[in-house]
Each structure stands twice: as C-alpha cells, then as structure tokens.
Protein chains: 2
Amino acid sequence: MYTIGQVSEMFGLPVSTLRYYDKEGLFPNLKRTSGIRKFGDKELETIRVIECLKKSGLEIKDIKQFMVWCEEGSATYQKRRELFLRQKVHMEAELMRMNRVLDMIRYKCWYYEQAITDGNENRVRAMQPADMPVEIREAYENAHREDEYPQS
Amino acid sequence: MYTIGQVSEMFGLPVSTLRYYDKEGLFPNLKRTSGIRKFGDKELETIRVIECLKKSGLEIKDIKQFMVWCEEGSATYQKRRELFLRQKVHMEAELMRMNRVLDMIRYKCWYYEQAITDGNENRVRAMQPADMPVEIREAYENAHREDEYPQS
DNA sequence: GCTTGACCTAAAGTCAGGTTTAGGATATAT
DNA sequence: ATATATCCTAAACCTGACTTTAGGTCAAGC
C-alpha cells in the first residue's frame with residue numbers, strides 16, 4: 001500500500017493530478033485510513049490504464065465510464081472490449097497521421113539544410129519532387145498527398 | 001485568390017478558426033481588398049505548415065514565432081532548421097510512445113476476448129506473459145516496460 | 001433601392017484538464 | 001511535546017485554442 005506522495009513519485013504525476021483523478025471517480029473503491037488515501041496494486045494498474053486511455057485520446061469522463069463498467073463485472077465485458085477496439089482503430093489512424101506529419105518535418109529539415117548551403121531558398125523552393133533525393137521525395141509526396149481531408 | 005469561406009471549405013477549418021489564426025499573426029502579410037481577406041497560394045501553404053506544426057505539438061505562439069522568422073529571410077534559416085530538428089526528435093519519441101499505447105490496447109482487446117469466452121476474468125487475469133500467445137506477450141511486455149518514466 | 005448572403009471586428013464565453021490557494025488534520029523524528 | 005513533512009478538502013484560478021455574440025459593412029441579384 002502506498003501514499004499519494006509515493007505514487008506521485010513512482011509515476012511522475014503531480015499529487016494534485018492524482019487527487020483530481022480520484023475526485024473525478026477514476027479510483028472507484030480506493031481505500032482510506034483516517035482520511036488518507038491508500039493506493040494498492042489495483043490502483044497502480046488503474047493509473048497505467050488511465051495513462052493509456054488518455055494518450056489514446058479518451059476524455060476523463062469516458063475513462064470514468066470505463067472504470068464504472070469495471071465495477072459492474074462480467075456484464076460489461078462486451079462494452080469494454082468494444083471501447084478498446086474503437087481506440088485501436090483510432091490509434092492506428094492517429095499513427096498514420098503522425099507519420100505524415102513526420103514526413104513533412106523531414107522534408108522541411110532537408111529544405112532548410114539546402115537553403116543554408118545555398119544562402120537562399122531559390123533553388124530548393126523551385127525544385128520539383130522528381131529532382132529531390134528519393135527519400136525526401138517520398139516524404140514530400142506523403143506529406144502533401146491530398147486524399148480525403150480529415151473531419152477531426 | 002480565395003475568400004475566407006472558400007479556404008474554410010478547402011481545408012475543413014471553421015471560418016472563425018482562420019480569423020483567429022490571422023489575429024494571432026499567423027499570416028504575416030495577408031492581403032485585403034476593402035477590408036476583406038484575400039488568401040493566396042502562400043497562405044494556403046502557410047495553413048499546411050500550421051496544421052503540421054500544430055500536430056507536431058507546437059503552440060500557436062511558437063508557430064507565430066516561426067512565421068516571423070520566415071518574414072526575416074535568410075538570417076533565420078538556421079533557427080528554422082533547428083525548430084524542425086527539435087520537432088523531428090519530439091515526433092519520433094511521440095511515435096514510440098504511441099506504439100506502446102497501441103500495444104497496451106492490443107493486449108486489452110485480447111484480454112476481454114478471453115474474458116468473454118471464459119465468462120470471467122479469472123484465467124486471463126492470472127496468466128503469466130510466458131503463457132500468452134507470442135504476439136500478445138510482445139505487446140504486453142512492450143506496454144508494461146518500466147524504463148525511464150517520461151518527464152512530459 | 002432593397003434584400004440576401006458572405007464578409008468584418010471586438011469582446012465575452014466555453015471547455016478540458018488540470019493547478020493553486022487557504023485553512024486544517026495527521027504522522028514522524030527529535 | 002514540538003517541529004516538520006505529508007496528508008486532507010473545497011473552491012477559485014489558469015491556460016490554450018477556439019467559438020459565440022452583438023453589431024455592423026459590402027457586393028450581387030432582383
């Protein structure tokens with residue numbers, strides 16, 4: 001059993017954040033001894049799941065919903081599985097989007113490298129994809145693709 | 001030359017957002033005819049760069065700083081390149097982090113699939129990594145690795 | 001010449017996800 | 001027993017990135 005301060009240290013999360021999560025109902029049956037929170041292994045795993053779901057784009061209130069489902073036992077396995085399946089699809093799309101962003105950044109790194117050696121942007125600005133080094137051309141084309149625009 | 005409404009359509013961004021970006025100085029010399037904004041090709045490319053830098057984790061005020069550098073010409077090539085190099089490092093770390101999150105999600109999908117077929121979590125909760133299918137074990141171990149905790 | 005739709009501004013409002021503050025209770029070391 | 005560190009709550013505050021509102025201008029079609 002750990003105090004809030006120890007858990008804060010372990011996960012690198014501010015104490016205030018852990019208290020905020022608790023207030024939002026993210027630790028459904030966290031124990032206390034004379035008012036002081038006692039975090040057990042179950043709560044540590046809960047924190048890992050919170051971090052995961054948060055990074056996957058879920059809001060606090062949806063994470064709370066998940067924790068409520070966990071309390072409801074086997075009747076909600078299906079709902080919980082569907083939640084993770086939705087987040088899986090979401091994350092896979094997100095990763096592809098991030099790769100495009102990274103390709104734009106790679107192109108821009110190269111662009112400014114060229115501008116620095118030339119002393120101006122004239123040559124590099126006018127350059128067609130066909131004349132770029134193959135790696136850069138691929139990055140450029142991936143980044144500038146105009147397929148369906150995201151409705152995010 | 002396009003009006004704000006046309007640009008809004010093209011990029012799927014609300015008109016209010018484009019005006020907000022302009023107010024924040026993200027279009028340093030956007031032209032106007034009798035008060036009405038006229039977006040040219042330069043501004044369209046600027047929007048692409050804004051989207052890219054935003055998705056790479058930069059704040060509006062930092063994007064503005066970048067636009068100011070662009071106005072300053074060749075004297076700031078080095079600064080601009082360094083910005084993109086920093087964002088490249090940042091995004092590469094971000095992508096690794098996202099892959100770990102995705103592995104946690106993959107594990108949880110499998111976990112609930114097992115729980116559903118068993119009717120309870122007993123077996124799957126007690127299962128050691130060594131007894132998991134190899135793909136799931138790899139995902140589980142990647143997701144539960146406790147190397148240096150990020151100071152994000 | 002008048003209506004309609006798209007444009008404009010400044011300022012206030014919104015929302016998520018915390019953080020800070022103020023005032024107190026509790027536990028540990030000396 | 002007393003100092004000091006850590007814990008507690010409720011409520012106010014903060015930040016970034018927009019969005020909404022209120023009130024007005026402008027250009028095109030009828």
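Letters A, B, ... are given to chains in the order of the sequence lines, protein chains preceding strands, and every chain is numbered from 1. Not measured: the values here are computed from a predicted model.
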Heavy-atom neighbours of A:Glu135 CD exceed 12 at 6.0 Å: no
Nearest heavy atoms of [X] and [Y], plus distance in Å:
{"X": "B:Met132", "Y": "B:Met127", "value": "CG-SD, 3.7 Å"}
{"X": "A:Thr46", "Y": "A:Met67", "value": "CG2-CE, 3.6 Å"}
{"X": "A:Met98", "Y": "B:Glu94", "value": "CE-CG, 3.3 Å"}

Spacing between [X] atom [atom1] and [N] atom [atom2], to the nearest angstrom:
{"X": "A:Leu13", "N": "C:dG17", "atom1": "CG", "atom2": "P", "answer": "15 Å"}
{"X": "B:Gln6", "N": "D:dA27", "atom1": "CD", "atom2": "P", "answer": "15 Å"}
{"X": "B:Ile60", "N": "D:dC18", "atom1": "CD1", "atom2": "P", "answer": "5 Å"}
{"X": "B:Lys64", "N": "D:dG16", "atom1": "NZ", "atom2": "P", "answer": "14 Å"}
{"X": "B:Leu53", "N": "D:dG16", "atom1": "CG", "atom2": "C1'", "answer": "16 Å"}
{"X": "B:Glu9", "N": "C:dC7", "atom1": "CD", "atom2": "C1'", "answer": "15 Å"}
{"X": "B:Lys61", "N": "D:dA17", "atom1": "NZ", "atom2": "P", "answer": "7 Å"}
{"X": "B:Tyr2", "N": "C:dC7", "atom1": "OH", "atom2": "C1'", "answer": "19 Å"}

Any residue of residues 30-37 of chain B with a heavy atom less than 4.0 Å from an atom of DNA chain C: B:Arg32, B:Gly35, B:Ile36, B:Arg37
For DNA chain C, the residues among residues 14-29 of chain A that have a non-hydrogen atom under 4.0 Å from it: A:Pro14, A:Ser16, A:Thr17, A:Tyr20, A:Tyr21
Salt bridge (charged side-chain N to carboxylate O under 4.0 Å, His left out) contacts in which one or both residues fall within residues 27-36 of chain B, not counting sequence neighbours: B:Asp22-B:Arg32
side-chain contact (heavy atoms from CB on, under 4.5 Å) partner of B:Ile63, the single match among B:Val68, B:Ile50, B:Val49: B:Ile50
Aromatic A:Tyr20 / basic A:Lys23 pairing, under 6.0 angstrom, 45° off normal: no
Ring centre gap for A:Phe27 and A:Phe39 strictly below 6.0 Å: yes
A:Glu113 versus B:Tyr77, side-chain donor and acceptor atoms under 3.5 Å: no
Sugar-phosphate, base or nothing in reach of A:Lys54, heavy atoms under 4.0 Å: sugar-phosphate
